Amino acid sequence: MPTGGDGLAVPRHVAIIMDGNGRWAKKRLLPRVAGHRAGMEAVRRTIKAASELGVEALTLYAFSSENWRRPETEIADLMGLLRFYLRREVADLDRNDVRLELIGDWRALDPDIVGDLEAARTRLADNRGLTLVLALNYGAQDEILRAIRTIAADARDGTLDPDAIDADAFDARLDTAPLPPLDLVIRTSGEQRLSNFLLWQSAYAELLFVETLWPDFDRAALEQAIATFGRRERRYGGR
Ligand code: IPE
Ligand code: IPE
Ligand code: MG
């Protein structure tokens, strides 16, 4: 594990529940979409900082499987920003040696977005720096159920012995299979819940809830979160 400037351990895999865009906009008497736009700039800053700080994987909760409950106009704004982000940022991500992974049922998004996501992932596939993981149309319960269905099908087809279903067999069927173990989950905006994010993977992750609204999140906020992580004692049930 690399260490930060202060000698503290840097988490290999950080995941962020980027919350508070709406409240950020409301405070400024702006429409919610202005908060989402400002949140996109926070995404840029955070990716750059995470890659410079030596984080291996950064998972960003961008759209949950429950966010479909929002008004159609807000969903359209969010999808519009995602399209814009993918087209604008991919060259910069490439220059910064960033790879792209996707978790969630992202293939159910609009076909043009699916195409852009696949194109971006292919373009960035040979990079060796930070792995950026976008959680899109992601819900942990949905991810777990999809994994259970593949396990059940493998058992039915005789390729998996039910007695051999252990944590590793399950991990291997989750969307996060290729990623390092989750070390740190950060949620912004003061809410203290996981909102259906990485429920299995966070079993022994450190959780950090900060008051900062997502559009205000920056390098200093990430450095502070990593420093807090470095001071935590992880025991995994031992003593
Ligand atoms: C997070 O900000 C962005 C998404 C969930 C897509 P919110 O839109 O949830 O902002 P608040 O929680 O209403 O402030
Ligand atoms: C969680 O935020 C989802 C994302 C950040 C994409 P929400 O704002 O949707 O969560 P709840 O509804 O407050 O739990
Ligand atoms: Mg919210």
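Predicted model, so just to flag it, every value in this text is computed and none were measured. Both counts, for ligands and for their atoms, begin at 1 and track the order of listing.
- Annotation: Ser64 places no N or O atom under 3.5 Å from an N or O atom of ligand 2; distance criterion only.
- Summary of contacts: the protein heavy atom closest to atom 9 (O) of ligand 2 is Asn67 ND2, 2.9 Å.
- Between the CG atom of Leu124 and the CG atom of Asp97 there is a distance of 9.5 Å, given to the nearest 0.5 Å.
- Using a 4.5 Å cut-off on side-chain heavy atoms (C-beta onward), Glu143 and Gln201 make contact.
- Hydrophobic clustering, with ILVMFWY side chains joined whenever heavy atoms are under 4.5 angstrom apart, groups Trp106 together with Leu93.
- Which of Tyr138, Tyr61, Trp214, Phe197 comes nearest to atom 6 (C) of ligand 2 through a heavy atom is settled by distance: it is Tyr61.
- Contact annotation for Arg23 and ligand 2: no heavy atom of the residue comes within less than 4.0 Å of the ligand.
- Counting heavy atoms closer than 4.0 Å to ligand 2, residue Glu66 contributes nothing at all.
- Those atoms of ligand 1 that come under 4.0 Å of a heavy atom in His36, given as number and element, are 3 (C), 8 (O).
- Atom OD1 is the N/O/S atom of Asp19 found closest to the Mg ion (ligand 3).
- Closest to atom 7 (P) of ligand 2, if we only count protein heavy atoms, is Arg70 NH2, 3.8 Å.
- Close N/O approach between Asp19 and ligand 1 is found [any backbone or side-chain N/O within under 3.5 Å].
- An N or O contact shorter than 3.5 Å links Gly22 to ligand 1 by distance.
- In this structure, atom 12 (O) of ligand 2 has its sub-4.0 angstrom surroundings free of protein heavy atoms.
- For the residue pair Glu101 / Thr131, no side-chain donor-acceptor distance below 3.5 Å is found, with atom types taken as modelled.
- Assignment of Gly20 to the shell around ligand 1 is supported, since a heavy atom sits closer than 4.0 Å.
- Heavy atoms of Arg32 approach ligand 1 to within less than 4.0 angstrom.
- Around CD of Glu66, the count of heavy atoms belonging to other residues, nucleotides or ligands within 6.0 Å exceeds 12.
- Contact check for Asp105 versus Asp175: no side-chain heavy atoms found under the 4.5 Å cut-off.
- For the residue pair Arg234 / Tyr236, a side-chain donor-acceptor distance below 3.5 Å is found, with atom types taken as modelled.
- Residue contact check for ligand 2: Glu191 places no non-hydrogen atom closer than 4.0 Å to it.
- Only the backbone of Ala62 comes within 4.0 Å of ligand 2, counting heavy atoms alone; no side-chain atom from C-beta on gets that close.
- Contacts between Phe63 and ligand 2 below 4.0 angstrom, taking non-hydrogen atoms only, involve the backbone exclusively.
- In terms of protein heavy atoms, atom 14 (O) of ligand 2 is closest to Ser195 OG, 2.6 Å.
- Residues His13 and Asp183 bring no donor and acceptor atom of their side chains to less than 3.5 Å of each other.
- Proximity of Met40 to Phe84: side-chain heavy atoms (C-beta onward) are separated by under 4.5 Å at one or more points.
- Side chains of Arg219 and Thr46: no donor on one and acceptor on the other come within 3.5 Å.
- Between Arg83 and Leu78 there is no side-chain heavy-atom pair separated by less than 4.5 Å.
- Residue contacts with ligand 2: Arg187 is included, with a non-hydrogen atom under 4.0 Å away.
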